[in-house]
Amino acid sequence: ETGVTQTPRHLVMGMTNKKSLKCEQHLGHNAMYWYKQSAKKPLELMFVYNFKEQTENNSVPSRFSPECPNSSHLFLHLHTLQPEDSALYLCASSQDLAGVWYEQYFGPGTRLTVT
Amino acid sequence: DAKTTQPPSMDCAEGRAANLPCNHSTISGNEYVYWYRQIHSQGPQYIIHGLKNNETNEMASLIITEDRKSSTLILPHATLRDTAVYYCIVRVETSGSRLTFGEGTQLTVNP
């Protein structure tokens with residue numbers, strides 16, 4: 001138990017569906033991250049939020065829409081996905097102060113299958 | 001961030017030391033070496049990090065060569081639960097907390 005929870009743990013959705021992934025951290029961190037891990041590929045950083053503000057978007061398609069209403073919650077809204085978007089989506093959190101590294105704590109991930 | 005090279009897979013017998021190598025020949029003076037691991041279908045877990053001195057914690061030891069072009073993560077007494085993908089990441093500490101993961105090494109601990 002890392003203090004970062006993700007729901008749902010598994011999700012199957014059609015290409016025309018709209019769904020949302022939820023992440024919550026109970027660690028008092030101010031930064032939250034979304035990563036994507038496709039089969040046999042390295043983790044890819046998608047989005048970074050710091051104090052609820054998006055600070056990084058790594059050229060992620062607009063069919064993925066993040067939302068960070070407060071420092072404890074992070075959502076990833078999904079719509080009109082493609083089968084190649086099937087992957088493990090991981091959320092992480094950390095302290096993030098300029099010029100200082102802090103350990104990232106990862107959630108268990110949501111296994112997404114797009115049919 | 002400097003590029004790292006790790007073997008794609010390694011095997012280790014349970015109870016023996018697991019030595020995982022990482023090459024980072026282009027590392028610069030202000031870049032640290034970080035190790036994370038990811039057990040199957042779980043999120044990555046921080047293990048250890050260091051700059052130039054050897055480091056040890058309750059999980060592992062990190063040995064960095066004097067020229068800092070390579071390092072070795074040592075799990076002193078590997079258990080079946082240590083079976084995971086191990087990632088070596090080199091980065092500047094002052095660039096915040098973001099991480100860039102490579103392919104890693106799949107360590108399989110055999111009974």
Side-chain angles (χ1 to χ4, degrees), chain A residues 1-6 9-10 21 23-25 27 29-51 53-58 74 87-113, chain B residues 1-9 22 24 27-52 55 57-60 62 73 81 84-108:
Chain A
E1 180 59 49
T2 63
V4 181
T5 59
Q6 291 187 242
R9 295 292 309 275
H10 301 272
L21 309 184
C23 176
E24 183 174 2
Q25 57 97 359
L27 302 168
H29 291 160
N30 56 278
M32 297 188 78
Y33 312 78
W34 278 118
Y35 288 84
K36 173 185 177 183
Q37 189 172 33
S38 304
K40 303 194 185 303
K41 292 176 76 173
L43 279 84
E44 303 169 58
L45 180 64
M46 300 174 72
F47 301 104
V48 180
Y49 277 81
N50 200 334
F51 290 104
E53 299 298 319
Q54 187 180 122
T55 57
E56 193 160 341
N57 176 340
N58 284 326
L74 184 65
L88 181 68
Y89 288 85
L90 290 156
C91 173
S93 73
S94 73
Q95 289 295 89
D96 193 40
L97 301 176
V100 183
W101 177 84
Y102 290 92
E103 177 184 347
Q104 282 190 26
Y105 292 80
F106 284 81
T110 295
R111 174 71 61 185
L112 174 68
T113 303
Chain B
D1 296 339
K3 181 178 171 55
T4 62
T5 304
Q6 298 178 253
S9 63
C22 180
H24 32 79
I27 192 170
S28 59
N30 61 345
E31 288 183 309
Y32 283 67
V33 181
Y34 295 81
W35 284 84
Y36 272 73
R37 74 178 183 184
Q38 186 177 19
I39 295 170
H40 182 63
S41 292
Q42 295 182 25
Q45 175 191 24
Y46 166 78
I47 301 173
I48 199 167
H49 76 286
L51 180 62
K52 54 184 177 181
E55 303 288 343
N57 63 20
E58 65 278 5
M59 289 183 68
L62 173 61
L73 179 74
R81 288 176 295 179
V85 178
Y86 287 77
Y87 298 98
C88 170
I89 301 168
V90 173
R91 58 188 299 282
V92 178
E93 190 180 52
T94 54
S95 59
S97 299
R98 67 185 308 283
L99 297 169
T100 301
F101 289 84
E103 303 281 349
T105 295
Q106 171 66 59
L107 174 69
T108 302

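Numbered from 1 within each chain, the chains take letters A, B, ... in sequence-line order.
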remark   = Residues A:Leu90 and B:Gly43: closest non-hydrogen pair is CD2-CA, 3.6 Å
query = Which residues pass the ring-ring contact (aromatic ring centres under 6.0 Å, His included) test with B:Tyr32, sequence neighbours left out?
reply = B:His49
key: Contact summary for A:Pro42 and B:Gly102, nearest pair of heavy atoms   = CB-O, 3.2 Å
inquiry  = Please classify the contact between B:Glu103 and chain A as side chain, backbone, both or neither, with a heavy-atom cut-off of under 4.5 Å.
reply    = both
query = Do B:Leu99 and A:Tyr33 touch side chain to side chain, with heavy atoms closer than 4.5 Å?
reply = no
request  = Please look at A:Gln6 and chain B and tell me whether the side chain, the backbone, both or neither of the residue comes under 4.5 angstrom of a heavy atom of that chain.
outcome  = neither
query = Does the B:Tyr36 side chain pair with the main chain of A:Gln104, one donor and one acceptor, at a distance under 3.5 Å?
reply = yes
ask   = Given side chains that start at C-beta, do those of A:Phe106 and B:Gln38 come closer than 4.5 Å, heavy atoms only?
value = no
task = Only counting residues at least two apart or in another chain, list the ones meeting salt bridge (Lys or Arg N to Asp or Glu O under 4.0 Å) with A:Glu56.
result = B:Arg98
